[in-house]
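Scroll down for the structure; my scribbles are underneath it.
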Amino acid sequence: MEWMLAARPPFSLGAVVGSHGWVQLAPFVRDEATGGLRRVERLASGQVVELRIWEVPGGVQVEVVETLTEAEQAELSDKVSWMLGLVQDFSAFYALARQEPKLAGVMENAQGRLLRSPTLFEDVVKTILTTNTAWSGTKRMVGSLVAWFGSPLVASAPTAQDESALRYSEAPQAFPTPEQVAAADEAMLRGEVRLGYRAPYVLELARSVASGALDLEALRHTDLPTAELRKRLLALKGVGAYAAANLLMILGRYDFLPVDSWALKMVSHEWHSGEPVGAAEVEAAFDHWGEWKGLAYWFWDWSYKG
DNA sequence: GGTAGACCTGGACGC
DNA sequence: GCGTCCAGGTCTACC
């Protein structure tokens, strides 16, 4: 079955998919045939489906092979809308960006939305797995986590033994739920999934969410001030200044910059003749963009391409 | 509040 | 093929 979801204009699915590296992380798959997205998703009912999403005039078309109940279809619509930021409004940012040649074209290209996962749990895990590692390491760790703990798209009838046994699978799988990760132990996350020292961070996060002690998903729709929301994120083990800023961007708050080694290099060449700079210089470079500084930084047309 | 060192892995490099 | 070095953010202990 398939259905259409409307998007606030301007909208470009290609711009969302290309907004950052998330599309390269399982279970996201870039759909080369349509320029859109594919993704295996587990529904609240436990059913596992493969979503296909492509752009149509006015929004996106969503397709799954399976027949869904009304509730399941509504759940998927909510997830797709959140992932693609279909209702996000960037008109205030575009009005400011119009004055800045380095941001020329952001409105015409419908830039602003950042691809996000259906749950904040998934985005926090992925963000933790971007820290202190190369991008290839992030892809490997996320892929391994999905392969070990995700729900398979096509499951044979499980036996009692299968239910308790963990099996690595490269078949298409959904991102694991907090409960599925919480059932692991740290040694397994270190030794098999090879998360390294990040293993206890991911495990603690999963167990906090699974036990109900931490309502992470509530932060997706909170009206907390950005500074307070940042404090909540920084309270998560493994989430520091960079990771918190990255997550705030995903949550639609752009007041803080995700300053990493790449940002330091770019700002160094853009405004300091290649001389080493610190986080303060990066912040200063974009401070005048106020609540939009994160987006200005993200879509800046850097002179240095190295 | 600021800083040094440890954490873990994969890739680059030299032998 | 093996060993060494380095890059990549965050945490903890210490000052």
Side-chain angles (χ1 to χ4, degrees), chain A residues 20-26 114 116-117 120-149 168 170 181 184-209 213-214 216 219 226-251 253-270 272 274-287 293-294 297-298 302 304-306:
Chain A
H20 60 147
W22 254 213
V23 69
Q24 299 174 37
L25 300 180
L114 300 180
R116 43 195 181 188
S117 305
L120 187 54
F121 170 71
E122 182 177 331
D123 276 335
V124 173
V125 170
K126 285 178 170 175
T127 299
I128 289 174
L129 298 185
T130 67
T131 60
N132 204 25
T133 188
W135 182 243
S136 60
T138 300
K139 289 197 285 188
R140 177 190 55 76
M141 287 187 274
V142 173
S144 187
L145 196 66
V146 171
W148 273 106
F149 300 106
Y168 182 91
E170 292 187 357
V181 178
D185 60 53
E186 187 181 321
M188 197 271 175
L189 289 173
R190 282 181 183 268
E192 300 292 347
V193 190
R194 303 189 71 76
L195 301 188
Y197 69 89
R198 303 167 195 83
Y201 303 155
V202 171
L203 189 56
E204 181 178 323
L205 178 75
R207 289 183 173 167
S208 298
V209 174
L214 174 64
L216 203 51
L219 298 183
T226 303
E228 180 57 32
L229 181 54
R230 180 171 180 266
K231 280 186 190 172
R232 303 283 181 95
L233 295 169
L234 287 172
L236 305 173
K237 284 283 179 63
V239 175
Y242 159 79
N246 192 62
L247 288 164
L248 285 172
M249 294 269 291
I250 283 172
L251 290 169
R253 313 284 188 104
Y254 312 107
D255 317 51
F256 292 86
L257 297 179
V259 180
D260 57 5
S261 54
W262 185 87
L264 296 176
K265 187 163 63 178
M266 289 299 122
V267 170
S268 161
H269 283 89
E270 191 81 4
H272 299 274
E275 291 296 311
V277 300
E281 284 82 2
V282 180
E283 294 285 345
F286 289 93
D287 212 36
K293 64 195 288 190
Y297 158 77
W298 203 257
W302 300 99
Y304 183 68
K305 306 296 181 188

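Letters go in sequence order (proteins before strands), and every chain restarts at 1.
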Counting only side-chain N and O atoms of A/Lys237, is one of them less than 4.0 Å from OP1 or OP2 of C/dG9?
-> no
A/Glu122 bridged to A/Arg116 by N-O distance under 4.0 Å | no
Specify the angle, to 10°, made by the local axes at the two ends of the helix from B/dG1-C/dC15 to B/dC15-C/dG1 when five pairs are taken at each end.
-> 30°
Which pair of non-hydrogen atoms, one from A/Leu189 and one from A/Ala184, has the smallest distance, and what is that distance?
-> CG-CB, 4.1 Å
Take atom CH2 of A/Trp262 and atom P of C/dG8, then tell me their distance rounded to the nearest Å.
-> 13 Å
A/Pro258 to A/Tyr297 - nearest heavy-atom pair and separation | O-OH, 3.7 Å
Check the distance between B/dG10's C1' and A/Leu129's CG and give it to me in whole angstrom.
-> 15 Å
Determine the contact category for A/Leu236: base if any of its heavy atoms lies under 4.0 Å from a base atom, sugar-phosphate if only primed atoms, P, OP1 or OP2 are that close, otherwise nothing.
-> sugar-phosphate
Taken to the nearest whole Å, CD1/A/Ile128 to P/C/dT10 is 10 Å
Value in whole Å for how far the P atom of C/dG9 lies from CG of A/Leu233 = 18 Å
Euclidean distance, atom OH of residue A/Tyr201 to atom P of B/dC8 [Å, nearest integer] | 9 Å
B/dG10 P sits how many Å from A/Leu195 CG, rounded?
-> 11 Å
Between C/dT10 (C1') and A/Glu204 (CD): distance, integer Å = 14 Å
Mind running a 4.0 Å heavy-atom check of residues 130-141 of chain A against DNA chain C and sending the residues that fall below it, in number order?
-> A/Thr131, A/Asn132, A/Thr133
Please name the pair of heavy atoms, one in A/Val181 and one in A/Phe121, separated by the smallest distance, quoted to 0.1 Å.
-> CG2-CZ, 4.3 Å
Looking only at non-hydrogen atoms, find the nearest pair between A/Leu114 and A/Ile250 and report the distance.
-> CD1-N, 4.5 Å
Would you mind reading off the distance between A/Leu264 atom CG and C/dA7 atom P, rounded to a whole angstrom?
-> 13 Å
Any idea which heavy atoms bring A/Lys293 and A/Asp287 closest together, and the distance?
-> NZ-OD1, 3.1 Å
State whether the distance check finds a donor on one side and an acceptor on the other, under 3.5 Å, for side chain A/Tyr242 versus base C/dG8.
-> no
Nearest to side-chain heavy atoms of A/Asp260, which nucleotide of C/dG9, C/dG8, C/dT10 = C/dG9
Closest to the side chain of A/Arg194, out of C/dT12, B/dG10, C/dT10, is B/dG10
Would you confirm whether A/Arg253, through its side chain, and A/Ala245, through its main-chain N or O, come within 3.5 Å as a donor-acceptor pair?
-> no
How close do A/Asp123 and A/Leu247 get, heavy atom to heavy atom, and via which atoms?
-> O-CD2, 3.6 Å
Considering residues, nucleotides and ligands other than A/Lys139, do more than 12 of their heavy atoms fall under 6.0 Å from its NZ?
-> yes
